[in-house]
Amino acid sequence: MDNFSELGQEIESLLRLKISPIGIKYFPKVDDIPKEFELMESVCAVCQVIGMARYHEKAVATTKDAATACGLGGAVSGLYDIAPDVADGSRNVGAWAKTVEATKKLAQDRMTIEKGKFQAFGVAPLKNMPIEPDVVQVWGTPVQMLQLAYAQIWDGGDNVELSTNGHGASCYETLVVPYLTGKVKLAIADIGDRRFAWAADDEMIMGFPLVQLERITKNLQESYAGAYKYPYAYYMFPIWQGALERCKA
């Protein structure tokens, strides 16, 4: 798809987004990272790379050796094994949840990309993306996400799902899950997104594979001609006649 930049700008315009939609690309080898990406060599989290690309509006990439600040985010992308003390809940007990069992549950049953398949990933606004991305993320307010949900169902698409335990919004729910399943997913920006990637209080994220971008953009355009034009026109009901008469008196 060679028109992803234009499609991203169309979504940005229709939804009146504050920050452009982004694309995320996995690289099998570090040498595959295009020269247009600025390489982050310091230790970082997956969500931090996303935040850098969003707020600095540039292409940013990192490797499996650097993206280790969050042991869960890089692991679900298959960059490395999940740390044993994260998997068994002992590292974050008392911080993420009350007990070891409760903390362990946070990382259980998560689908992961095959370990070793990729050694790096890059993120950039779609309008600045120098290479075709694997996954698209749109960050916005709940009402902007509602518009995208309307676009998803406009042609008979499935309901948009949101299922969260508050961990892994940008790195798992709206990245790995869409990559592996091909589904459109919605998430509430989590504590990592807010602490390390500068997510706003009212931000949510919708993620979907690139193959869905053209369809969702077209549906968004068409739905505006129906009942879903954003921003919404408020219905102003007539004042109750009895109240009006009392006011006159």
Side-chain angles (χ1 to χ4, degrees), residues 1-27 32-34 36-37 49-61 121-162 169-171 173-187 189 193 197 199-200 203-232:
M1 180 185 296
D2 57 4
N3 62 337
F4 59 83
S5 176
E6 290 78 9
L7 294 172
Q9 290 178 73
E10 179 68 3
I11 288 177
E12 182 177 354
S13 175
L14 288 170
L15 293 181
R16 304 188 181 190
L17 297 173
K18 291 182 179 179
I19 298 180
S20 302
I22 60 169
I24 303 173
K25 178 69 175 179
Y26 286 114
F27 300 110
D32 295 330
I33 301 173
E36 292 89 349
F37 283 86
V49 183
I50 292 172
M52 287 285 291
R54 291 180 65 220
Y55 280 94
H56 290 272
E57 294 191 321
K58 62 182 179 182
V60 185
F121 69 93
V123 188
L126 287 180
K127 60 187 178 183
N128 299 335
M129 192 78 181
I131 189 172
E132 186 175 280
D134 295 311
V135 173
V136 172
Q137 288 184 350
V138 181
W139 294 58
T141 65
V143 70
Q144 290 166 330
M145 296 298 102
L146 181 63
Q147 286 300 119
L148 289 175
Y150 289 143
Q152 162 64 11
I153 59 93
W154 182 254
D155 59 358
D158 294 335
N159 290 357
V160 178
E161 297 179 352
L162 189 161
S170 64
C171 64
E173 295 168 4
T174 56
L175 175 55
V176 172
V177 175
Y179 177 83
L180 290 174
T181 67
K183 292 183 178 181
V184 177
K185 296 290 291 185
L186 179 63
D193 294 315
E203 277 191 306
M204 301 182 74
I205 317 162
M206 190 169 288
F208 47 87
L210 179 67
V211 69
Q212 297 275 13
L213 177 60
E214 189 163 14
R215 169 185 159 270
I216 287 175
T217 306
K218 180 182 178 183
N219 285 355
L220 190 63
Q221 293 167 329
E222 292 180 357
S223 70
Y224 273 42
Y228 302 131
K229 183 173 176 58
Y230 173 77
Y232 307 136

Tell me every residue that passes side chain to side chain contact (heavy atoms under 4.5 Å, CB included) with Tyr224, counting only those two or more places apart in sequence or in another chain. Leu14, Leu15, Gln147, Leu220, Lys229, Tyr230

Residue pairs involving residues 207-219 (criterion salt bridge (charged side-chain N to carboxylate O under 4.0 Å, His left out); sequence neighbours excluded): Asp155-Arg215

Nearest-0.5 Å distance that lies between atom CD in Gln221 and atom CD1 in Ile11: 9.0 Å

Who are the salt bridge (charged side-chain N to carboxylate O under 4.0 Å, His left out) partners of Glu161, not counting sequence neighbours? Lys185

Tyr179: side-chain hydrogen bond (donor to acceptor under 3.5 Å, both in side chains) partners, not counting sequence neighbours: Lys117

With heavy-atom distances below 4.5 Å as the criterion, would you say the side chains of Glu222 and Asn219 are in contact? yes

Listed by chain and number, what are the side-chain hydrogen bond (donor to acceptor under 3.5 Å, both in side chains) partners of Tyr228, not counting sequence neighbours? none

When every non-hydrogen atom of Pro21 is compared with those of Val138, the smallest separation belongs to CB-CG2, 4.1 Å

In Å, rounded to the nearest 0.5 Å, how long is the span from CG of Asn128 to CD1 of Ile22? 12.0 Å

Would you compute the distance between atom CD of Gln144 and atom CE of Met204 and round it to the nearest 0.5 angstrom? 11.5 Å

For Ile33 and Ala61, the nearest pair of non-hydrogen atoms, with its separation, is CG2-CB, 3.8 Å

Determine the minimum heavy-atom distance between Glu173 and Ala187, stating which atoms define it. OE1-CB, 3.0 Å

May I have the step-by-step check of side chain to side chain contact (heavy atoms under 4.5 Å, CB included) for Leu175 and Gln137, ending in yes or no? CA-CA 8 Å; Leu175 175 55; Gln137 288 184 350; 4.0 Å; yes

Nearest 0.5 angstrom please: Ile24 CD1 to Leu126 CG, how far? 10.0 Å

Please enumerate all residues that pass side-chain hydrogen bond (donor to acceptor under 3.5 Å, both in side chains) together with Glu36, with sequence neighbours excluded. none

Contact summary for Lys58 and Pro125, nearest pair of heavy atoms: O-CD, 3.6 Å

Listed by chain and number, what are the salt bridge (charged side-chain N to carboxylate O under 4.0 Å, His left out) partners of Lys18, not counting sequence neighbours? none

Can Ser5 and Gln9 be counted as having a side-chain donor-acceptor contact under 3.5 angstrom? yes

Name all residues meeting the salt bridge (charged side-chain N to carboxylate O under 4.0 Å, His left out) criterion together with Glu203; count only those two or more places apart in sequence or in a different chain, and write none if there are none. Arg54

Which value, rounded to the nearest 0.5 Å, describes the distance between Met145 atom CE and Gln152 atom CD? 13.0 Å

Please identify each residue that fulfils side chain to side chain contact (heavy atoms under 4.5 Å, CB included) with Ala189, with sequence neighbours left out. Trp139, Asp193, Arg194, Ala199, Ile205

Can you sort out the partners of Glu132 under side chain to side chain contact (heavy atoms under 4.5 Å, CB included), two or more places apart, ordered by chain and number? Met1, Phe4, Leu210

How long is the gap from CH2 on Trp154 to OG on Ser223, to the nearest 0.5 Å? 6.0 Å

pair Phe121-Val135: side-chain heavy atoms closer than 4.5 Å: no

Name all residues meeting the ring pair (Phe, Tyr, Trp, His ring centres under 6.0 Å) criterion together with Phe27; count only those two or more places apart in sequence or in a different chain, and write none if there are none. Phe37

Using modelled atom types only, decide if a donor and an acceptor are shared between the side chain of Thr174 and the backbone of Met206 within a distance under 3.5 Å. no

Does any pair with a residue in residues 139-152 pass salt bridge (charged side-chain N to carboxylate O under 4.0 Å, His left out), and if so which ones, sequence neighbours excluded? none

